[in-house]
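Everything numeric in this text was worked out from a predicted model, so none of it was measured. Throughout, a chain's letter reflects where its sequence line sits, starting with A, and its residues are numbered from 1.
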Amino acid sequence: MKSAVIVFPASNCDRDAATALKQLTGQTPHMVWHRDSELPQVDLVVLPGGFSYGDYLRCGAMASQSAIMRAIKAHADRGGAVLGICNGFQVLTEAHLLPGALMRNANLQFVCRPVALEVNETQSAFTRKYEHGQRVVFPVAHGDGNYFADDETLNRLEGEGRVALRYAPGQNPNGSARDIAGILNQKRNVLGLMPHPERVVDPLLGGTDGIKLFQGLLETLS
Amino acid sequence: MKARVFVTLKNGVLDPQGKAIANALHGLGFAGVGDVRQGKVIDIELAERDEARARATLKEMCEKLLANTVIEKYEIELQA
Amino acid sequence: MKARVFVTLKNGVLDPQGKAIANALHGLGFAGVGDVRQGKVIDIELAERDEARARATLKEMCEKLLANTVIEKYEIELQA
Amino acid sequence: MKVRIDVTQASPIITPELVREHGLSEAEYGRIKQLLNREPSLVELGIFSVMWSEHCSYKSTRIHLKKLPTKATHVLQGPGENAGVIDIGDGDAAIFKMESHNHPSFIEPYQGAATGVGGIMRDVFTMGARPIAMMNALRFGEPTHPKTRHLVKGVVAGIGGYGNCMGVPTVGGEVNFHRSYNGNILVNAMCVGLARADNIFLSAAKGAGNPVVYIGSKTGRDGIHGATMASAEFDDASDEKRPTVQVGDPFTEKLLLEACLELMATDAIIAIQDMGAAGLTSSSAEMGDKGGSGIELDLDKVPQREENMTAYEMMLSESQERMLAVLKPGREAEAQAIFRKWELDFAVIGITTDTKRLVVKHKGQVVADMPITALSDEAPVYDRPYAERPPASGNPAFDAGKPLLESLVTIIASPDMCSRRWVWEQYDHSVMADTVQGPGGDAAVVRVHGSNKGLAITTDVSPRYCFADPYEGAKQAVAEAWRNISAVGAKPLAVTDNLNFGNPEKPDTMYQIVAGVNGIGEACRALDFPVISGNCSLYNETNGEGILPTPAIGAVGLMADVHRMAAIGFRREGDTLILIGRNHGHLGQSIYLREIEGREDGAAPPVHLTEEKRHGDFVRNLIEQGTADTVHDLSDGGLLVAVAEMAMAGGIGAELVAAPDATASIPFFFGEDQGRYLIAAAADTARRIADAAEKAGIPHALIGRTINRKLLSVAGAGEVTLERLSTAHENWFPDYMGGLEPPPVN
Ligand SMILES: Nc1ncnc2c1ncn2[C@@H]1O[C@H](COP(=O)(O)OP(=O)(O)O)[C@@H](O)[C@H]1O
Ligand SMILES: [Mg+2]
């Protein structure tokens, strides 16, 4: 499986994503600068966490206008896999590759902690290795992870089985609508999520629950 | 030309910042404070001198970047 | 009564957000964009009906909470 | 400072009042005239005022700091550069320093703390290191003080706001509350970076004819006279005298970090230095001074954010996110391309010379021309008088009838002892995917990326001990830092300090400083723990009321294999608990006395450095061999608090034996004797540990075991559930911060 990690100004989980990809796929990902207009030949594009453009104006807003985003849209349209983690999720919503928006956490504070999630949909390359309803623990680290969409959109997301991950009952760290932690696009080849699977791929660092996400991708895309 | 753009949350979108301010104002003893909403104001200097063209450009800026129309609405004010 | 409070950075105080917005607008091809400054707008519903008293209360709110007067200034607008 | 307004390029008449406003004494001004052989220009006066300020010149502390041990074979760079550097093997180097941003954080907590974080990060990456961990040591006024909540909220948000955006994990720190900080909070931030030992960048601008380049953000009228402000006392009128507060721009700093590291991968740099306090002035003067060269600046070339800035303003501006570098001639274009890619300002603003003078030009005029040594070597040095005070003494009486476990609950729910989760959950502590031990343990541990090595990091000081006994208290701070690093299984390597004190012109305060530095020196020598960097923050006084002496110690240690790291949480039921170290039941200055008896008296606990070293070496050895994996050092609150912390962290209960002397139960369980550790190990391992201790002549005692019920019991004193303990421990902070006090809007 070939992958690319996009580097925006002030991305800061780009190295973490690359390390996890290398460890779990055996291949070093391409690091792609946001101003490039073309993607290398890859199966997976990762938009990493961080504070692209300092999170100024709105998280992900300026990054969503980067030159590389057009190529990423084309890649997604062709059915290529796109994974947006944290800031990457914000960029995907701002770029309208995923519906809704991520607003300021309900308590207005940044939050970094391990959070229990439930895998709500296993019908995707990202989640196929998990069991339906399985509980996993990923850390969150964000100030703007409060997922918002209108009721119609939320109903559709749920109806179409596109809510991939939910915060376990009582664990919602940010006030997200319907405890949504991660969603899929209609074609199920684009996943955006606030928690960080790339930070739980090593038992030394607080868990290995993120490994299956990358394994699922590896099996599907290789 | 100087322009002022207001970007505020659409009605119906929850505004945690506004709510926090309202609570804080109550806490400070300000009675009679109802709903509070917080938005952004962006002041922009433009070289453009034609009002209609300026307005059109600003609208495009809002749609493309300044506002996220999924949750926000915007208003444009021109100051000659 | 409805009030609108503008809280903006004092002149001379660095506005990283404004700077980044200006750069982004240039990057999007909007020519002729000069200085950009970002501030907050806070809309407040007040039970008070007397304009002078409302203004005094709002001023107190700004000084105590809404503005950080070390780096920010504020303007108050009343809408009947 | 009113002076800004009437600055003209023509030499104004320098009045005694103007001199005073610049924080210079009459004698100092006389000295300046002597050194220049004439009256200074206004720009020169400004330059002298910042360079001769306490903050930049260390005039009150310099002669004392010289006594600190700074050398060891693993020290690659001691004090004198932007940060200290130690060798951590395999060609790797750790670079670290701690610095205060106390005054700005009191005036504007969010921006003050944020720019403090930004400043210390620049000190570290200007030397070629990628920052890999941040710590913060915070002291606030008493919780009931009307400003405290607002300050806590702003400072914590500011530290998180900056560090999180930089993508550097904030892995630990300290938070204390005490009324002595009501008017002077302390915000000390520490940054640890990682570099290759053969690629360290220094600030000596050697050689003439080399381009001096400016990189980063534009210069504005930010924080003019910040350095002099950090060197003056506050009074009630300080509110009006506030210079413009700097606003941090972490986004630009992140770009600056990446751009600098990219440039550092080339060999274009001769010297580089961040612009911290006193910006362009101190960076250029220090680089020239260290390089033995002169520097000529043309201010018209400085990237400016505002119009009509005067030379005075540019030289004194403290705009953030800026660096000054000297390049090899002909390498400007290559450097510029890198900064352009990262969308940062880049300008050649001067040249090095062989005159050893700092020459500043503006609009075709020379506005300053002075020998650089006048700013550095010739800066005043004071041996300020001090009044020795006998330390507080005695072991205070206490009410022996108070119920043990109820007191425990009270203590672990008190402001200084409760969980800091509310604080550190606002910091990204796992970004960079190398945080092996985050906040909450004895020391944080960060893996050296791509290896099995780990750096253990801690910051410590107990100001109440330092107030009672500045010498023993300072020793204790070093010993505790050393102990914390040993407790996770790392070898303590070096120290950075942040000496926070009141007004050095007061003989009492000066004594605290002198005794404090002596205590640090003594402990560092005994523990083989050199001081490689540091910072002094004096004049922490408001209306004549000084802070508790607070010499914060930051320290770094190295472990060979992070898989062997020890942590505080109980791991197994049925483990035996072994106490290492002697229990004298020292209650003077203890948390117990303060929280339960409402008294702050008695002698500070004495620190026996040879015992400290033997006990620590013993425990570290056990961890390194894989014999011990559950270890906690004993500090604030003593034995019972340590056991409770281990139980809460592991979610496993414990039962403890009664105190050997039933009438001395309180000192046994709450005494704060130094040099102690608690180990939990399986029964047979525990026996081996006890045997080894016996052989080595190390005091030890079996004091209980972990159990399969979630409670803590003490023979003869009842029990308390872990749930009750945890609730009490976790709730204080969120309850306090959730109170009605309004949050700041930003
Ligand atoms: N208390 C101290 N102990 C040891 N070294 C110190 C102490 N205070 C300052 N130093 C050292 O003196 C030098 C100057 O400090 P400072 O002016 O704070 O540096 P910078 O301007 O780079 O922040 C640094 O190398 C610092 O490490
Ligand atoms: Mg420095």
Contact class of C/Arg49 relative to chain B, heavy atoms under 4.5 angstrom: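 It is neither, since no heavy atom gets under 4.5 Å.
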
Side chain / backbone / both / neither for C/Glu60 at chain B, heavy atoms under 4.5 Å: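 It is both, since atoms from each part get that close.
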
Any [X] side-chain heavy atom under 4.5 Å of [Y] side chain:
X	Y	result
C/Met61	C/Leu46	yes
B/Val36	C/Asp43	no
C/Lys10	C/Val13	yes

Got more than 12 heavy atoms from elsewhere within 6.0 Å of CD, C/Glu45? yes

Heaviest contributor of heavy-atom pairs below 4.5 Å to chain C, chosen from B/Gly39, B/Ala3, B/Ala47, is B/Gly39

Check each atom of B/Ile42 against the heavy atoms of chain C and say whether the ones under 4.5 Å are side chain, backbone, both or neither.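 Both parts, heavy atoms under 4.5 Å.
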
